[in-house]
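Reading through the structure tokens given below for one structure.
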Amino acid sequence: MFLFEQELPDTSERPTIVNMSRRDFLKRTALAAGSTFVLGAFIGCRSKTEFVPETKIPAQGTMADAAFQPNLLIGISDAGDVFIVCTRSEMGQGIRTGMPPVIADELEASWNRVHVVQADGDPKYGDQNTDGSRSVRKHFDEWRKAGATARAMFVTAAAQTWGVAESECVAENHVVKHMATGRELGYGELAATAATLEVPENPTLKSRDQWRYITKPMRGVDNRDIVTGTAVFGIDAQLPGMLYASVERCPVIGGKVKTYDTKSALAIPGVRQVIPIPAATLPPAFNALGGLAVVAENTWAAFKGREALEVEWHLGPNATHNSEVYRNEMEKSATSPGREIRTVGDVTRAMNEAAKTVEAVYHVPMLAHAPMEPPSALAWVKKDGTCEIWTPSQDPQAVRTTVAETLGVEVEKITVHVTLLGGGFGRKSKPDYVVEAVLISKAVGAPVKVTWTREDEIRFDYFHAPSVQYLQAGLDAQGKTTAWVHRTTFPSISSTFRTNVDHASSGELGLGFTTNPYNIPNMRLENGAAEAHVRIGWLRSVCNIQHGFTLNAFAGELAQAAGRDQKDYLLELIGPPRNLNSLFEGDKGAYGEDLSRHPYETGRLRHVVELAAEKAGWGKDRPKGHALGIAAHFSFVSYVAHVVHASVKDGKVRVHRVDCAVDCGTYVNPDRVKAQMEGSVVFGLTLALHGKITVSSGAVEQSNFHDYPLLRINETPEIHVHIVENQSPPGGVGEPGVPPVAPALTNAILRITGKPIRELPIRLSELS
Amino acid sequence: MSNLLQTVSTFALKVNGEVRTVEASPDMPLLWVLRDLMRLTGTKYGCGIGLCGACTIHLDGEAIRSCSTPISAAVGKEVTTIEGLSIDGTHPLQLAWDELNVSQCGYCQTGQIMTAASWMREKENPTPQAIDGYQSGNLCRCGTYTRIRAAIVRATEIEGR
């Protein structure tokens, strides 16, 4: 439970931040991961963990007064309670039941004695930016080592206590045993002795067959809090004496307040003040957009006060932006020669020699994140110049640095407590909403919670970029694809942070475009120009959404043009199992990973295609109006294929079943891998069937779930997830399930109607 | 603007079996009464216009959207929130949700459970059609729908139906 309701009259009564006596000890014993030792006062989610069927044991003491802290991530009390710090944000991907089990496993800790402590935002923890599907992928080895270090120290402590050789002792399930005599000492009993030892540099890691929790399904550590309504999300944060705020912003990005009248707003019972927030300059970055904040005694009064505000805006340079016009401009860009990204072979000649050519223009619209919990933040700028924040953030260190810059104070004066996130999907890695709370708190001299309405969330998102893509292929007389042109056009995320950006970054193009695995001898990849007129940001799987869509949807069209089976044709395009490291320069491959650790292997992509097809019963006869469609995509160094069973009847599409095959290498919690794939299917179907944000005169036209609908339970298919057993290093899980969903569905529809779907969301008029 | 001006009144509400008194405008939705005035934050804001179900509570046992129900409509009625669904968090739905790891982010789940708890009281056997029909007003962006279906069925087993 969170401790928001504690009496906090001033900062002097807060828990001790640094324990000097132990800090001396800790400084002496450097952590293998290279961090310095500072004891945090953990105010974050201190949910108790449980691992059925064991009984929950309440924690005695806290992380801050644990007797033994071998590193920043682990604390063990004299009573034997193990505190494991989760340094990554929990937004539903399951990291609070992912990171701690890895550490506990190597520690040989009993899971029912483990208590998960949520880290504040602090660079001492290394990277905490929870995005890019990289928590386990980037930190698995480091977490194992942290646990193994503590385990080795317990063994040494026991051996010293008994005066025997360490080799005669073994750590097992919260005790160290002396094998010859059967003597045992518990971790709690050993904590004080272990705390006096040097930290070993290279502890032995367990072998896979010794894993106790890793690769086993684990029950979510926050399950009980969630189902009893006691889990604390950012929007639930409370402090005594806090005020509530809602912000009226200019409907057009880059606009600002011209005139305003607060009289009616201030007449609403409970409304205290109206605070102007200065307009952000462009590029918007993570700054508050600016506007007028209504500060009130409760959220409802703040909302009502905002409705009563009378405001006129200077709309600024983006007021002429219009999605229809923009769509035509992007289409023109996509169908004209663009910036050359990669050329293989002689595409012009191959196209000329082709027996048949196919070309298509694809549209994927702008999308909003729509996490069920809208952005929210509780900030308290105190008289002593410090600032304390409770917020659902994917990137608490970015919150800290952005807020420090906003207030013009040192970063050390900013404390960021990370609550649970009611969904993130990339939205909550941008701290603009926290900056609002900080500015308002500073102005009113009290803790202030800013709550975004759903309308705010949809209108003022950092949107997934709208895109237009041109594809052309040449087929030989046997129907084999011999030439391929792909031109992708979309406004870049870089435009959110820099001016004069009109092309995609190489990082964005690496999300499914330059990582194209197809085995085609003549290929030309180009990027068309597009400027941004709204804030563009990353959304679950980012540019893989549009690139995964076109690569697979066009493959479906080519199979049709060749008169071939969709799955067989996809496998032919992917080609024989081979290593595609040559797509990258130097040692770094996709997603910044070392190629030696994460080679790009088409054999793995082929395998998920074959597995999904087999499990779905590919090739079996289906009733009229029914068909299976297939798609596969490599992203975040994982490989996912979906087979969608859909039907079209009376101009309506229904999705009956999805079979998902995922190869994410070594996984931690298979139940969460399944859950992430299930969620990805729903996320992918939402964008295939419903999602579309449009802009008119610079302002977003959608506002809530009536005009930006999400998939509902009655539209949800059966979902079957098949995990490939593969001992490669861990790949991403949170995002790679999304990209192949929409094209697997449109490929099924293509087989039913014979007509390709080239625009998302799928329009009912194309189904007849 | 005069229609926006509401006089603050005193309301005595029976919430989770306990009578609680608050000062509020008569038009204040129960959602904000519960969350801000009573500090019962298990009931969530999602859309404010009754489209997502995150704010679902029971009024005399019936599932309602607390974001669109003013406090004045709850006078003399029994308000039940997720915090009062069971004494110790052992309602069959809560147990089933935990057992099957339904929750991802968890934000919508209290509303999902309150919706299910209401209609399941009368339903003997929740058919797939009934589950999809009754739960279709509750959105989940994480996409936990297939597990919600399974957990509702599991809850009837736990209940011993």
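Throughout, protein chains are lettered first and strands after them, A, B, ... in sequence-line order, and every chain is numbered starting at 1.
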Check each atom of [X] against the heavy atoms of chain B and say whether the ones under 4.5 Å are side chain, backbone, both or neither.
| X | value |
| --- | --- |
| S703(A) | neither |
| P709(A) | neither |
| M91(A) | backbone |
| I719(A) | both |

Just so I understand: if I count every heavy-atom pair under 4.5 Å between each of [options] and chain A, which residue has the most?
| options | result |
| --- | --- |
| S136(B), G133(B), C140(B), G42(B) | S136(B) |
| L139(B), L51(B), L100(B), T146(B) | L139(B) |
| D88(B), N101(B), N138(B), T110(B) | N101(B) |
| E83(B), M28(B), H91(B) | M28(B) |
| T81(B), I82(B), L31(B) | I82(B) |
| Q129(B), E99(B), Q112(B) | E99(B) |

Please state whether the side chain, the backbone, both or neither of [X] comes within less than 4.5 Å of a heavy atom of chain A.
| X | result |
| --- | --- |
| E23(B) | neither |
| I113(B) | side chain |
| L40(B) | neither |
| Q109(B) | side chain |

Heavy-atom side-chain proximity of Q135(B) to N714(A) below 4.5 angstrom:
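No. Closest side-chain heavy atoms not under 4.5 Å.
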Would you check if R454(A) and Y45(B) make a side-chain contact, meaning some heavy-atom pair closer than 4.5 Å?
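Yes; the side chains approach each other to less than 4.5 Å.
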Look at [options] and state which one has the largest set of heavy-atom pairs under 4.5 Å with chain B.
| options | value |
| --- | --- |
| G423(A), G94(A), A370(A), S376(A) | A370(A) |
| L685(A), I235(A), V681(A) | I235(A) |
| H369(A), E90(A), E715(A) | H369(A) |
| Q93(A), R672(A), E455(A) | R672(A) |
| I713(A), V682(A), N298(A) | I713(A) |

Output yes when K44(B) and D236(A) qualify as a salt bridge under the 4.0 Å nitrogen-oxygen rule, no when they do not.
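A salt bridge is present here (some side-chain N lies under 4.0 Å from a carboxylate O).
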Spacing of [X] atom [atom1] and [Y] atom [atom2] [to the nearest 0.5 Å]:
| X | Y | atom1 | atom2 | answer |
| --- | --- | --- | --- | --- |
| S25(B) | I268(A) | OG | CD1 | 8.0 Å |
| I226(A) | C105(B) | CD1 | SG | 7.5 Å |
| D27(B) | W300(A) | CG | CH2 | 5.5 Å |
| T716(A) | D132(B) | OG1 | CG | 7.5 Å |
| R224(A) | D98(B) | CZ | CG | 5.5 Å |
| R147(B) | D671(A) | CZ | CG | 4.0 Å |

Between R141(B) and F683(A), is NZ or CZ placed under 6.0 angstrom from the six-membered ring centre and within 45° of the ring axis?
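Judged by the rule (NZ or CZ under 6.0 Å from the ring centre, within 45° of its axis), R141(B) counts as positioned above F683(A).
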Ignoring hydrogens and geometry, is there a side-chain-to-backbone donor-acceptor pair from Y145(B) to G679(A) under 3.5 Å?
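A pair under 3.5 Å: no.
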Ignoring hydrogens and angles, tell me if any N or O in the side chain of R39(B) forms a donor-acceptor pair with the backbone of Q238(A) under 3.5 Å.
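No; zero donor-acceptor contacts below 3.5 Å.
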Please find the pair of heavy atoms, one from M372(A) and one from Y107(B), that lie closest to each other, and give the distance.
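Taking every non-hydrogen atom into account, O-CE2, 3.2 Å.
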Which atom of C47(B) lies closest to which atom of F705(A), heavy atoms considered
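C47(B) and F705(A) have their closest heavy atoms at CB-CD1, 3.7 Å.
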Can you confirm whether more than 12 heavy atoms, excluding those of E159(B), are under 6.0 Å from its CD atom?
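Yes - once you tally the heavy atoms of other residues, nucleotides and ligands closer than 6.0 Å, there are more than 12.
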Under the criterion side chain to side chain donor-acceptor pair (under 3.5 Å), I'd like the reasoning laid out for E678(A) against Q104(B): C-alpha separation, chi angles, the key distance, then a yes or no.
CA-CA 11 Å; E678(A) 291 158 4; Q104(B) 289 188 31; 5.2 Å; no
Quiz question: by atom type and distance under 3.5 Å, do the side chains of T299(A) and D36(B) form a donor-acceptor pair?
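Side-chain D/A pair, T299(A) to D36(B): present.
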